[in-house]
2 protein chains.
Amino acid sequence: MDDSLRERKKRQTRQALAAAALRLFTEQGYERTTVAQIAAAADVSVRTLFNHFPTKDDVLFGNDEHAAEIPVRVIAGRRPRESVSALLVRAYEEMLADNRVNGLGTDTAVLAGYVRLVTTVPALQARALRSNHQLQRRMAYALVEVAPELDLVGAAAMIGAVAGAAQAAAFMSMELGQSDRQFWAALRRGVETAVRGAAHPPRR
Amino acid sequence: MDDSLRERKKRQTRQALAAAALRLFTEQGYERTTVAQIAAAADVSVRTLFNHFPTKDDVLFGNDEHAAEIPVRVIAGRRPRESVSALLVRAYEEMLADNRVNGLGTDTAVLAGYVRLVTTVPALQARALRSNHQLQRRMAYALVEVAPELDLVGAAAMIGAVAGAAQAAAFMSMELGQSDRQFWAALRRGVETAVRGAAHPPRR
DNA sequence: CTGCAATCTTGCACATCATGCAACTTCTGG
DNA sequence: CCAGAAGTTGCATGATGTGCAAGATTGCAG
């Protein structure tokens with residue numbers, strides 16, 4: 001990493017903006033928070049905010065692109081004789097493990113607020129769904145590299161099934177106001193359902 | 001239907017706006033088209049456009065809510081002894097069949113342009129993904145009504161797997177520039193993959 | 001230390017989307 | 001024909017986002 005004064009200040013500003021945004025969004029709602037307020041809270045001009053983040057919601061999402069690397073790397077590093085479905089499960093497991101550790105610090109309440117925002121606010125929901133879609137796309141390209149028997153459409157279908165099931169289960173869990181524990185369990189259950197196939201209904 | 005002069009004019013204006021929007025979006029791109037241009041092309045004021053549609057992208061999407069009813073109704077009308085997976089397949093089949101007939105008239109070129117816009121333009125992509133997510137949510141609630149052995153999270157997982165696989169396969173097909181025929185085939189292949197399960201790789 | 005170049009920050013003008021409000025027009029039903 | 005309902009319009013206003021140029025800060029070579 002570049003540890004020059006410039007780079008440090010830059011990261012500081014970015015971080016201050018992201019923190020201020022998360023705080024204001026959770027305190028008073030996404031729509032009722034203006035970029036001017038975020039900039040003021042981080043003590044920079046509005047124009048500087050837009051120098052760091054292209055849009056308002058990027059202030060919230062912009063730091064997440066790190067997590068998206070994990071499942072792609074896991075797929076690229078497929079182990080010898082590892083089945084495709086096991087590989088996909090592992091990709092998700094490792095991403096979830098990292099999210100719990102790295103997401104936003106280890107503060108559960110902050111993470112919960114973040115998840116609540118994303119699953120609640122239409123604009124953020126749309127943005128998150130799109131990010132997830134882009135991630136799936138990259139995973140599909142990575143998968144065909146290590147699974148030559150699959151074409152891109154087939155790879156996309158398999159990944160889409162796993163990701164779609166996990167996503168839907170997680171959102172539903174959140175909508176039902178379930179606990180943290182149940183939320184992560186729902187995610188895993190979604191992955192499992194997709195791997196087993198919709199034709200094989202879950203055991204009791 | 002109310003066939004008063006008022007209602008007819010209202011529908012006319014709506015239709016004119018939607019048509020103008022689709023034409024302008026495909027001709028010159030979504031971002032480079034302003035709401036003022038759309039309103040002018042439909043011969044109404046900008047304010048009237050926003051009376052009919054809450055946002056710019058609703059001018060394109062606003063008429064689609066009809067198609068979303070179909071899979072929910074299919075699920076609600078589950079046949080005796082029909083398996084859940086067969087039911088989900090049928091829900092998607094019937095929606096696709098309707099889309100081909102009803103989508104935007106039967107003009108293939110127009111439909112292709114529409115699909116191209118939705119899969120290409122970030123803002124529209126996000127919006128479409130969100131719509132799809134909402135649809136899945138409603139399907140899950142419908143499913144637990146007719147499949148009492150499932151809870152909401154399990155139902156969401158199954159539907160998410162099918163919808164996610166179909167969506168991912170379709171987007172990938174579009175990204176690869178495949179033909180109409182291949183696009184619909186990819187959709188079906190996605191559904192099939194999800195039903196069979198990611199653990200059971202596709203046969204040759 | 002000095003000066004120059006690269007980079008970051010800022011203010012300002014401007015385009016666009018979106019909303020509230022009030023006046024005006026058109027349609028409906030009696 | 002008339003009174004009220006519904007639709008249309010212009011205007012003011014607020015918010016997001018971009019281009020540009022001037023100013024401040026940092027990095028680096030001499």
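Nothing here was measured: the structure is a model prediction, and the numbers come from that model.
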Suppose we screen for ring-ring contact (aromatic ring centres under 6.0 Å, His included). Which residues come up paired with [X], at least two apart in sequence or across chains?
X: A:Phe61; answer: none
X: B:Tyr30; answer: B:Phe25
X: B:His52; answer: none

Taking only side-chain N and O atoms of A:His52, does any of them lie within less than 4.0 angstrom of OP1 or OP2 on C:dT9? yes
Check whether any side-chain heavy atom of [X] sits under 4.5 Å from a side-chain heavy atom of [Y], and report yes or no.
X: A:Gln167; Y: A:Leu129; answer: yes
X: B:Arg90; Y: B:Ile75; answer: no
X: A:Met139; Y: A:Tyr92; answer: yes
X: B:Glu7; Y: B:Arg11; answer: yes

Sub-4.0 Å heavy-atom contacts from residues 42-51 of chain B onto DNA chain C, ordered by number: B:Arg47, B:Phe50
Please list, in numerical order, the residues of residues 54-61 of chain A that have a heavy atom closer than 4.0 Å to any atom of DNA chain C. none
How does each nucleotide of nucleotides 25-30 of chain C score, in 5' to 3' order, for protein heavy atoms under 4.0 Å: base (B), sugar-phosphate only (S), or none (-)? -BBS--
So, using side-chain hydrogen bond (donor to acceptor under 3.5 Å, both in side chains) as the criterion, who are the partners of [X] when residues are at least two apart?
X: B:Asp58; result: B:Thr55, B:Arg127
X: B:Arg137; result: A:Glu175
X: B:Gln15; result: none
X: A:Thr120; result: none

Enumerate the side chain to side chain donor-acceptor pair (under 3.5 Å) contacts for residues 31-41 of chain B, please, sequence neighbours excluded, ordered by first and then second residue. none
Covered region of DNA chain D, 5' end to 3' end, by chain A [heavy atoms, under 4.0 Å]: D:dA15 to D:dG27
Looking at B:Glu82 and B:Arg79, would you say the former's side chain and the latter's main chain have a donor-acceptor pair under 3.5 Å? yes
Take the protein atom CG of B:Leu24 and the nucleotide atom C1' of C:dT16, then report the distance between them rounded to whole Å. 16 Å
Atom pair distance, as rounded to whole Å: CZ in A:Arg8 and P in C:dC8: 14 Å
